[in-house]
2 protein chains.
Amino acid sequence: MSMSRQPARSPSAEGALAILEAAESLFAEKGFDGASINDIAHRAGVSKANIFHHFTSKKGLYLAVLKRAVAHSAGILAKGPPPADPAQSDRRLKQFFSEHLDALLEQPETTRLILREVLENGSESGQSLAEGIFADYFTRLVGWVRMGQEAGWLRGGFDPALLAFTLIAVNVHFFQALPILQHLPGAGFAFDSKTFSEQIFGLLMDGAGASSNVWEEEA
Amino acid sequence: MSMSRQPARSPSAEGALAILEAAESLFAEKGFDGASINDIAHRAGVSKANIFHHFTSKKGLYLAVLKRAVAHSAGILAKGPPPADPAQSDRRLKQFFSEHLDALLEQPETTRLILREVLENGSESGQSLAEGIFADYFTRLVGWVRMGQEAGWLRGGFDPALLAFTLIAVNVHFFQALPILQHLPGAGFAFDSKTFSEQIFGLLMDGAGASSNVWEEEA
DNA sequence: GTCTATAGCTGGATAGAC
DNA sequence: GTCTATCCAGCTATAGAC
């Protein structure tokens, strides 16, 4: 019946924010089990007990962190005008592709946190949390592709969801394989995300196959 | 100076194999910190102490598991004839793409274990372990693509490593995003990996853009 | 809201019998 | 090679003063 505190949600206090930030970086680095409350308290500059004052449990803290990360991620992805104008949608798609990769690379902690959550798929509560933005995001992207097909600057005859999926897959995999790519022979593109983005987009648009027409044009 | 035991490597005993298998599945499920020696011992049907008899430490066990997974993975990927014959390389590339996805899906624990390792990139020892097969694998794949370009059934003008990367990225992301994809509106392809593979490959070959030539052909 | 102190338990790892 | 019994460090979480 008491009304003297507002636990768990709405971390208005300064301490709570420090906790959230410390927790995000540590959960992203070491995972849920690897990061201890002690670590988090120390990095946040608060006491262990204070964490349990603001958040009900370690899991509660983790969910709060995840929720904040997802919201942050969604905020970045949602920016930019809705693609109401089909005439501009071609530029928007390429722009999205590049900006999406930038967003992943600029927020590595948030990205890693969410990628971890996807990979675990044991924590059901976070799953549904993440699916919320993914569904919205993916649906919008599919819409852009379909619009491009209708406007004629993308060819028809393929499922727009396939291209949307491929765009995301390439960026996500670039992010997570980066440290390995940079040690791989022949993968020089791993050192310049800007030209990587442009070249991959071009490849996806033009295709890798020697469509007989291109031949004749050059011959 | 004693020669009465062969610790850590060459798990010839029955118990050691049970431990390795239990550990692989638990590490894949919960990660290094999430899986406890107690869990592993219980699932393997042995005592905690027996684990430390066969493996020097938890980390030693983890590395043994990872090594085994990588070897297993490499075994699968290495099978099939080397692409000595350029004339057949076009079929090989499409076949690789499909088989690669099958391998990922059929060995989900191994796949998850290695993906985790890639994502963590804090465990340096495993990093170099994994890079070994990745480098070999990737180099071979790039070779196939380049061969295709020289043979003429792939167009020139793009970095072969880009296509190799994209093929792997699409498959890996399909694997790890599968549980989410299946809840996503419009992503019906998530339920049939076979046709997914074919359609994506077609998209990558033909491209998504409306290359002006295709227009004229159909008109 | 924040702290110190501590409860209660589980983690990885070891000793030593069989 | 396998076990039981044990050590102790570290963990999450709570109690209660300020």
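A/S47 meets the side chain to side chain contact (heavy atoms under 4.5 Å, CB included) test with A/A49, A/N50; sequence neighbours excluded. With sequence neighbours left out, the side chain to side chain contact (heavy atoms under 4.5 Å, CB included) criterion links A/A177 to A/H173, A/L181. For A/A44, the side chain to side chain contact (heavy atoms under 4.5 Å, CB included) test picks out A/A18, A/I19, A/A22, A/V46, with sequence neighbours left out. A/F175 meets the ring pair (Phe, Tyr, Trp, His ring centres under 6.0 Å) test with no other residue; sequence neighbours excluded. With sequence neighbours left out, B/F96 forms a ring pair (Phe, Tyr, Trp, His ring centres under 6.0 Å) with B/H100, B/Y137, B/W144. For the ring pair (Phe, Tyr, Trp, His ring centres under 6.0 Å) test, residues two or more places apart in sequence or in another chain that qualify with B/F174 are B/F196. In this structure A/E21 satisfies the side chain to side chain contact (heavy atoms under 4.5 Å, CB included) test together with A/L17, A/R68, sequence neighbours excluded.
The distance between atom NE2 of A/H54 and atom C1' of D/dA13, rounded to the nearest whole Å, is 16 Å. What separates CZ of A/F55 from P of C/dT2 is a distance of 11 Å, to the nearest Å. Following rounding to the nearest Å, B/D39 (CG) and C/dG12 (P) show an atom-to-atom distance of 8 Å. As a whole-Å value, the separation of B/H42 NE2 from C/dG11 P is 13 Å. Between the OH atom of A/Y62 and the C1' atom of D/dT12 there is a distance of 18 Å, given to the nearest Å. Remark: P of D/dG10 and CD1 of A/I40 are 17 Å apart, rounded to the nearest angstrom.
Taking side-chain N and O atoms only, B/N38 has no distance below 4.0 Å to OP1 or OP2 of C/dG12.
Taken residue by residue, residues 26-37 of chain A places heavy atoms nearer than 4.0 Å to DNA chain D at A/A35, A/S36, A/I37.
Tested against B/D39, the residues B/K48, B/K58, B/K30 include a single salt bridge (charged side-chain N to carboxylate O under 4.0 Å, His left out) partner, B/K30.
Applying the salt bridge (charged side-chain N to carboxylate O under 4.0 Å, His left out) definition to pairs two or more places apart or across chains, none involves residues 169-180 of chain B. Residue pairs meeting the salt bridge (charged side-chain N to carboxylate O under 4.0 Å, His left out) criterion with at least one partner in residues 175-201 of chain A, sequence neighbours excluded, are A/D102-A/K194.
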Polar atoms only, N or O, under 3.5 Å: list the protein pairs with nucleotides 3-9 of chain D and their distances.
unit_1: D/dC3; atom_1: OP2; unit_2: B/S47; atom_2: N; d: 2.8
unit_1: D/dC3; atom_1: OP2; unit_2: B/S47; atom_2: OG; d: 3.2

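Under a 4.0 Å N-O distance rule, the pair B/R116/B/E29 does not qualify as a salt bridge.
Between D/dT12, C/dT14, D/dT2, one nucleotide has an atom nearer to the side chain of B/F52 than all others, and that is C/dT14.
Taken over five-pair windows at either terminus, the axes of the helix from C/dG1-D/dC18 to C/dC18-D/dG1 are inclined to one another by 0° (rounded to 10 degrees).
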